[in-house]
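The basis for the numbers below is simple: all heavy atoms, side chains too, and nothing from hydrogens, waters or symmetry mates. All values derive from a computational prediction rather than experimental measurement.
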Amino acid sequence: MFAYTIRRILMLIPVLIGMTIITFSIVHLIPGNPAQVILGENATEEQVEALEESMGLNEPYIVQYGLYVKDLLQGDLGTSLKTKSEISSEIWPYIAATFELTFFAMLFAVFIGVNAGIISAWRQNSWFDFLAMLFALVGVSMPIFWLALMEQWLFAQELGWFPAYGRQDSKDPIAAITHFYVLDSFIHLDFPRVITSLKHLVLPSIALGTIPMAIIARMTRSSMLEVMKSDYIRTVRAKGAGQFLVVYKHALRNALIPVITVIGLQTGVLLGGAILTETIFSWPGIGRYVFDAISFRDYPVIQSGILIIAFIFVIINLIVDLLYSAIDPRIKY
Amino acid sequence: MNVENKKQFSNKKLTNPSPNSPKPNSEEVKAISPWRDAMRQLRKNHFALAGFVIIVFFILLGLVAPLLTPFAFDEQDIINRLQPPSAEHWLGTDHLGRDIFTRIAYGARISLQVGFFAVTGALVVGSILGIVAGYFGRWIDMLISRIFDILLAFPSILLAIAVVAILGASLENALIAIAIINIPIFGRLVRSKVISLREEEYIMAAKAQGMKNGRIILHHILPNSTAPIIVQATLGFGTAILEAAALGFLGLGAQPPDPEWGKMLADARDFIQLAPWTLIVPGVAIMLVVLGFNLIGDGLRDALDPKMKN
Amino acid sequence: MPNPILEVNGLKKYFDLKGGVFGRKVGEVKAVDDVSFTVMEGEILGIVGESGCGKSTTGKSILRLIEPTAGEVKFEDKDITNLNTEEMRKLRRDMQIIFQDPYASLNPRHTVEKIIGEPLLVHGVKSKEERKKRIKELLEVVGLSPYHASRYPHQFSGGQRQRIGIARALANNPKLIICDEPVSALDVSVQSQILNLMQDLRDRFNLTYVFIAHDLSVVKHISDRVGVMYLGRMVEMANKDELYDNPKHPYTQALLSAVPVPDPDAEKDRIILEGDVPSPSNPPSGCAFHTRCPRAMDICKEVRPKFEEQENNHFVACHLYE
Amino acid sequence: ACSGDGSANPDDGEDQDQTEDDNTDDTTDEGEDDASDEEQILVFARGGDSESLDNPSTTDGESSRVTKQIFESLLNFDKESFELTPGLAHDWESNDEGTVYTFYLEEGVTFHDGTPFNAEAVKINFERWADPEHKYAFTEEGYTYPIYGTLFGGYKGDEGHVIEEVNVIDEHTVEFVLNRPLGYFLQNMGMQYFAITSPAALEEYGPTINENPVGTGPFKFVSWSKDDSIVLEKFEDYRIEGLPKLDQVIFQVIPDNAARLIALRSGDIDIMDGLNPDDAAGVESDENLDLYTRAANNFGYLGMNVSKAPLDNKLVRQAINHAVNREAIAEALYAGYAIPATNPLPPGYLGYNDELEGYEYDPDRAKELLAEAGYEGGLEIDLWTMPVARPYMPDPETVAEIIQNDLAQVGITANIVREEWAPYLEKTANGEQELFMLGWSGTNGDPDYFLGSLLHGDSIGGGNRSFYSNDQVNELLDQAKVSIDQEERAELYKEAQRLILEDSPMVTLVHSTPVLAARNTVKNYVPHPSTSESLAEVELSN
Amino acid sequence: MSDVLLELNNLHTHFFTDDGEIPAVDGVSFHVRKGEVVGIVGESGCGKSVTSLSIMQLIPSPPGKIVDGEINFKGENIAKASKKQMRKIRGNEIAMIFQEPMTSLNPLYSIGNQIGEAILLHEKVNKKEARQKSINLLKLVGIPRAEAVVDEYPHQLSGGMRQRVMIAMAMACDPELLIADEPTTALDVTIQAQILDLMRNLNKEKETAILLITHDLGVVAEICERVVVMYAGKVVEEGTAKEILKDPKHPYTQGLIRSLPKIHEKEQKLYSIPGTVPKPGKGKIGCRFAPRCEYAFDRCFQEDPKLLSIGNERYTRCFLYEENVGSENDHAKSNS
Ligand SMILES: Nc1ncnc2c1ncn2[C@@H]1O[C@H](COP(=O)(O)OP(=O)(O)OP(=O)(O)O)[C@@H](O)[C@H]1O
Ligand SMILES: Nc1ncnc2c1ncn2[C@@H]1O[C@H](COP(=O)(O)OP(=O)(O)OP(=O)(O)O)[C@@H](O)[C@H]1O
Ligand SMILES: [Mg+2]
Ligand SMILES: [Mg+2]
Ligand code: NI
């Protein structure tokens with residue numbers, strides 16, 4: 001297992017190299033001059049040129065790539081052109097914000113999705129099944145940003161149940177430690193704040209989690225149905241086991257393998273796809289960070305941001321693979 | 001008695017045993033192709049039927065749009081901006097006083113076209129790459145698969161945004177971006193299908209007949225990979241429309257005055273309190289069309305997947 | 001004395017076991033390990049053995065549907081192991097194969113007409129008329145009706161499908177047909193139809209079969225000579241009557257005794273072998289059978305017995321006979 | 001001398017003054033006694049985050065808005081205009097030629113880090129901006145000081161650089177020696193961009209000064225969580241007794257307009273910037289909310305690249321000017337919170353020419369002009385739309401759509417082209433565009449900042465994206481720039497505006513008056529036209 | 001007949017599918033005595049598995065359903081038993097093993113866990129005891145290294161071993177009846193011999209009755225005492241193994257036996273039954289075998305033959321034997 005993990009990590013190397021090449025090329029294929037944006041509409045030609053010079057933007061690409069990789073290897077993600085801060089020092093809060101949101105979105109998605117899927121499969125063709133699957137279909141068909149806006153309109157504005165934006169109450173900012181606010185609140189033993197943080201998470205988590213929830217529910221259901229037809233389930237029944245044992249002990253674990261793939265995949269998608277939700281709910285996450293950087297042509301931030309998201313995605317896949325082996329003894333390495 | 005009889009009929013016909021006695025079989029001479037069978041299954045699926053109805057509705061809406069409304073989709077009437085639904089403006093007007101119903105109807109054209117072209121593009125390129133990777137294997141497979149891996153490791157919407165950033169914001173470029181991010185999805189699907197088919201005995205049989213690779217791919221592998229590809233394409237239609245809407249929403253897709261639904265949502269965003277219908281209508285339109293494709297896709301999957309039959 | 005149509009010398013096929021991260025080779029499955037035999041023109045050579053012993057691999061390697069790792073395959077005195085793709089493709093007119101699984105070996109999206117017509121087309125029968133005629137002929141030969149031509153495989157029963165597979169193999173008048181368990185998947189009542197048909201066709205078209213099966217009675221029924229394989233190796237080969245009446249290799253003896261006979265009166269003195277067939281990825285040293293052999297000797301563990309002729313055409317690989 | 005009169009509250013109800021007074025007492029009394037409960041915390045919500053808290057190194061308005069609270073410049077602007085008032089310098093004088101300026105600094109002022117503010121600090125700051133080699137210039141780390149370069153004619157060693165030297169006369173006197181007069185030198189000194197940072201902090205933080213601002217302003221920096229909030233707290237030793245009144249100011253980022261308004265309604269925030277003009281009516285009718293407007297200090301325009309056919313034809317340009325319905329745009333999109341523009345200069349600026357009559361909305365006249373120019377059959381043209389909202393153009397796309405529609409009425413087919421902000425600026429500077437939309441916001445309140453940058457021939461490749469260059473106009477602007485007689489300057493500018501209007505290198509669209517909303521508990525808040533105002537005097541009532 | 005353990009009486013199990021109602025089991029009756037080994041033979045699709053699954057009430061439902069008939073187990077009709085009652089019987093009194101040893105075990109749980117589960121479900125023992133018992137059972141079915149195997153997973157075992165594990169699991173609660181649905185079909189001959197040997201021993205030692213389903217007449221000859229021959233959802237013949245194999249009555253049984261290639265005999269041509277096994281379908285009249293039958297006459301196509309008793313526990317379903325039995329038959333629809 002340990003050796004396998006190490007080997008899997010080694011295998012990431014070519015993928016990572018490919019990713020650096022792609023991010024680097026994307027960034028440099030994007031037209032537009034960061035120097036120009038930094039200086040704004042008021043800048044003179046000389047100013048733009050001088051700035052380009054000082055940012056090293058007129059070196060040949062290959063040299064720039066070399067420098068980029070060299071810095072990366074030293075853990076240096078570069079300096080944001082816009083804020084002039086070290087990216088490695090300013091990026092963590094963004095990542096934490098997105099992680100926290102993704103975590104709760106997936107929690108919501110997995111909890112509801114898996115259970116709805118199980119019940120649907122168990123009571124195949126019942127009204128619950130019908131409604132759950134219709135709901136799931138609608139869920140995957142909805143533009144998330146629209147759902148987010150509608151939620152905001154209904155639950156924040158009209159009903160006022162949940163806050164409409166941000167991670168915390170503006171008037172009472174937290175002294176962040178890990179930048180996972182729920183966790184931080186626990187660390188501070190500030191339980192009202194735990195509630196507040198959770199309340200802020202509700203709407204964006206639902207918005208973000210709806211699509212994965214629907215996908216997971218559908219996947220769980222079909223996977224369960226398939227497993228329920230298998231020979232070994234028949235064996236369990238022949239032993240005289242009741243439905244509960246059959247479903248939750250024998251079927252679920254087998255059905256979970258494809259579901260885990262989906263969960264892993266969706267987690268990755270959420271991490272990068274949260275841009276829209278983050279914008280609408282004013283969530284200072286990595287998606288927005290990168291998106292803003294793209295329009296600002298903040299090359300180092302785009303590069304590092306995309307790379308980090310992709311890297312996390314790859315790591316999640318790794319975790320999924322390792323999870324397989326935990327669930328399935330057949331996968332041995 | 002037995003012995004005698006046995007002798008009798010054991011002599012009878014050994015060289016050319018008739019496989020079927022004509023009676024029970026003569027009725028069903030008609031050839032039922034796997035496709036027709038699937039279509040039959042599909043017709044019985046109410047969900048799929050509903051999806052079909054939705055899509056046909058929007059196609060018709062797009063086609064006959066000019067006949068349905070007296071307005072042009074870009075006809076402004078600033079005095080009458082943000083009107084709620086009324087007899088004149090069935091779904092109200094937007095912030096420039098344009099008729100929302102008209103825009104939704106014309107927008108159907110855009111969305112359906114985006115879905116179609118993006119999926120077709122991704123499908124063609126993805127299939128070619130997938131087939132090449134899957135059938136020839138070795139280093140080509142390694143290379144193509146790694147590229148797919150890498151592309152898939154990037155969150156699709158970010159990748160699309162980056163592509164649009166490179167190409168410039170326009171509907172065509174959004175379409176290209178969506179096609180690009182879908183290529184690895186189709187590519188992988190086709191590749192895995194080809195790899196599993198490659199192991200099928202009938203492919204081995206085709207080889208044993210002395211067929212060339214090209215023919216095996218075209219006549220044996222491709223037709224048998226179509227089922228999952230069609231399903232994926234149908235579902236991809238939906239996602240492509242959603243992605244186009246997301247790009248439109250971010251201002252990276254269709255440009256004014258094109259009534260692209262995601263763009264309409266973006267425009268309406270500031271009026272959520274003043275004129276909620278401007279936001280609700282395009283959202284519902286997107287949802288319905290995507291739902292339609294998903295319903296059909298699901299139905300097709302069930303119909304084409306023999307495992308789902310019962 | 002008929003000529004040998006097929007000679008197999010030292011045929012080996014090792015499958016790489018890929019594993020680890022970069023798909024590196026982590027071992028190999030010795031699916032076929034040094035097998036040699038000869039098939040005469042017009043003869044039926046039966047090959048039996050338990051599942052996984054390498055029968056199919058042997059068959060496919062002969063046709064180079066799987067590239068053999070080592071060894072020589074001569075067809076009509078021509079070494080075909082080094083032919084290029086195009087030459088090999090042409091040669092496939094003469095060498096055909098029928099598969100075990102009548103469901104998997106027919107393209108589900110093609111009509112019978114297309115399935116049978118395709119080999120004709122690729123081997124140069126361009127005219128549609130001619131092909132139609134030939135398809136009709138073939139269908140009749142295998143006992144199907146011409147109206148079946150427009151149907152799809154799923155509309156046929158297993159036996160009928162197997163007939164389609166046979167028709168396809170016959171399309172270009174081959175000389176040699178490798179039959180890879182053509183009746184194993186069929187019902188007993190249909191199995192006999194197919195066996196009869198195959199025998200018939202052999203006589204009619206002067207075909208040569210390599211007939212692979214795991215059912216000893218079937219092999220006995222149809223073959224002229226029989227080879228017994230165990231774990232990728234040929235352990236015994238002889239004329240069928242010789243082999244069945246006078247098996248020499250302990251494995252063959254056990255195998256024959258283990259076959260259940262539908263005769264309640266048959267005397268039962270079974271040799272029940274201990275244990276399982278070892279894995280071909282890690283075959284035992286020496287004689288591969290020594291782990292289960294009731295008569296194993298010390299030498300069996302170390303030295304691999306040679307496959308040698310004992311008496312008139314009775315080959316066996318066992319230290320007992322050295 | 002620096003306290004304002006606090007009359008700018010839009011709700012001039014009578015009880016206003018009373019509550020105000022009461023609360024002032026309350027808070028000052030209780031604020032010290034039981035701190036946390038009655039803490040006065042103001043949340044100011046805005047659409048985007050600051051780029052940097054080292055203001056001189058950005059051009060970003062969202063940065064100034066925050067640094068305005070932390071730093072002070074030598075001079076200050078009046079609450080609602082660009083009139084100069086004392087800042088860190090309580091007095092100032094210049095020689096007659098306008099080449100030597102002397103500033104007398106406040107005494108006893110300390111930075112937030114406790115180090116004293118003095119003439120040396122002023123000198124260090126100015127040299128830091130002027131000299132890329134300066135040890136605090138942080139050029140290596142990508143720092144530049146573009147506004148300094150623009151307003152003082154470049155950097156040390158550049159030909160046009162105006163500031164010859166900065167001399168420390170004594171601890172509290174500093175002297176600026178210019179190599180030629182600059183009409184708006186004093187105006188510059190009032191700008192937030194030229195506020196003074198603690199030299200000790202520059203030493204301590206080096207290039208991370210952008211996240212660790214230390215100034216002399218009413219509030220000191222506490223924390224910044226990027227894209228979320230910036231927290232400032234009261235600077236107890238502020239040089240003006242009794243100020244600031246708030247204990248904490250929090251700048252909260254809420255990108256979505258609608259969400260921001262929701263937050264305001266629910267009381268999570270106190271002031272919101274960037275109110276959608278359409279929502280203004282709703283805010284006004286809400287008794288818990290107050291509506292504020294910021295005086296127009298900007299100018300949105302539809303530029304015409306005069307170097308490209310058919311826009312090199314004056315008749316076509318005039319036709320387009322007649323074709324666009326400014327009133328409708330101002331009315332519909334700014335809900336009336338905008339003034340249709342005649343001149344490329346906001347009204348109220350020095351030298352604003354209010355005698356000129358702009359181009360009327362007259363499609364028929366436009367068609368005539370087009371016909372005259374030889375385009376009876378109409379013409380097709382690209383219309384570049386900026387992708388970002390700016391104060392002068394809160395919804396550029398919609399404006400583009402309206403213009404597109406207007407142009408269609410006179411037979412001009414405009415294709416909307418969208419570029420990302422970076423390439424947009426770059427390409428328009430290169431002259432790749434035909435019609436394009438852009439605007440300009442004032443910073444120092446001087447007309448040269450508008451006219452010189454936008455329409456002087458020397459600014460081509462920079463702010464002049466219409467590629468307009470009229471020798472006469474250039475001449476007038478040059479004269480006005482070096483003159484220190486404000487009367488004379490005004491006349492020169494008026495004449496320039498007349499010529500420009502005639503040449504019509506741009507369709508002057510609107511001067512928008514951005515609207516803001518606040519809870520009615522917010523008192524003494526006065527939006528400044530420069531978009532950054534000090535919150536020192538603002539307080540909250542319950 | 002007090003020693004009758006299981007008796008099926010006119011069992012009908014139908015599948016309700018998109019293609020209509022399929023009478024997979026169409027009026028099957030037979031019985032199994034205590035300690036007896038009864039075989040059901042027939043070709044693929046004739047309803048053997050459905051019959052056995054019906055006894056266990058494990059028919060996938062929908063689409064399957066027992067529509068008629070009785071299943072008497074120890075004198076009680078369990079066709080109508082509640083789910084709870086059935087759970088008590090399953091694995092405890094009637095155990096079952098299946099054809100596919102490769103897929104019949106849950107791949108994710110250890111062998112010990114799965115055997116132990118069968119014990120825990122029916123006996124009041126703790127986990128430790130269950131484990132010990134599992135080990136004993138593994139030893140009983142002749143698995144070497146039982147202590148180690150108990151903690152291994154199915155994929156680590158060969159097909160033969162897995163089938164032994166299945167048998168061990170089935171024997172966990174000493175059932176009175178073991179239903180084995182083609183337990184050796186997927187195995188090699190040498191392994192099949194081992195498994196058959198094992199089953200024979202279990203039958204002798206534990207006196208467990210076995211209902212063995214197979215299509216291999218060789219296997220029948222090997223261990224069955226009595227045999228039921230099925231064709232297209234119906235029993236066509238019943239008798240002792242010897243009677244069936246030596247003196248088959250029904251033309252189908254005769255054909256089946258004659259079409260087998262014999263290993264110890266020499267012959268030139270095989271006999272073959274023409275045509276193919278029909279798919280069960282509703283509304284077909286006449287003898288199901290008639291279209292393939294050499295003896296068939298008009299009546300065979302028009303009327304369903306009844307199962308005739310032609311001796312002591314000897315039955316056949318064929319008009320050819322009607323006169324032998326005489327008046328016992330219903331001639332209501334006699335053809336003229
Ligand atoms: N493509 C392959 N890759 C790796 N191993 C293979 C491959 N094909 C076959 N083998 C292995 O080679 C051995 C021989 O397989 P083969 O199919 O020739 O057996 P067989 O005698 O035909 O068995 P059966 O009776 O089950 O058809 C088996 O252990 C099998 O697992
Ligand atoms: N789930 C099902 N749905 C529909 N029909 C079914 C189902 N299961 C079985 N049948 C039908 O019941 C008939 C009898 O099937 P059964 O499995 O009992 O055959 P069998 O005698 O066990 O054959 P085999 O030897 O292949 O196992 C088949 O013809 C099949 O069509
Ligand atoms: Mg094989
Ligand atoms: Mg069965
Ligand atoms: Ni003063």
Salt bridge (charged side-chain N to carboxylate O under 4.0 Å, His left out) pairs, two or more places apart, involving residues 191-200 of chain A: Asp172(A)-Arg193(A), Asp190(A)-Arg193(A)
Do Tyr94(A) and Asp227(D) meet the criterion of a side-chain donor-acceptor pair at a distance under 3.5 Å? yes
Please round to the nearest 0.5 Å and tell me the distance separating atom OG of Ser57(D) and atom NZ of Lys84(A). 4.5 Å
To the nearest 0.5 Å, how far apart are CG in Leu53(D) and OG1 in Thr83(A)? 10.0 Å
From the list Val253(D), Leu42(D), Val43(D), Ile254(D), the residue making the most non-hydrogen contacts under 4.5 Å with chain A is Ile254(D)
Relative to chain D, which segment of Gln168(A) carries a heavy atom at a distance below 4.5 Å: side chain, backbone, both, or neither? side chain
Can you tell which part of Gln157(A) gets under 4.5 Å to a heavy atom of chain D, answering side chain, backbone, both or neither? both
Where does [X] contact chain A at under 4.5 Å (heavy atoms): side chain, backbone, both or neither?
X	answer
Ile250(D)	side chain
Asp270(D)	side chain
Asp268(D)	both

For Tyr181(A), which residues count as a ring-ring contact (aromatic ring centres under 6.0 Å, His included) partner, sequence neighbours excluded? none
Residues which pass ring-ring contact (aromatic ring centres under 6.0 Å, His included) with Tyr193(D), listed by chain and number, not counting sequence neighbours: none
More than 12 heavy atoms from other groups under 6.0 Å of CH2 on Trp161(A): no
Can you tell me if CZ on Phe311(A) sees more than 12 non-hydrogen neighbours from other groups inside 6.0 Å? no
Would you say the side chain of Ser85(A) lies within less than 4.5 Å of the side chain of Lys226(D), judging by non-hydrogen atoms? yes
Side chains of Arg167(A) and Ser225(D): does their closest heavy-atom pair fall under 4.5 Å? no
Specify the closest pair of heavy atoms between Ala164(A) and Ile262(D), including all atoms of both residues, with the distance to one decimal. CB-CG2, 3.7 Å
Who in residues 68-75 of chain A is close to chain D, using a strict under-4.5 Å heavy-atom cut-off? none
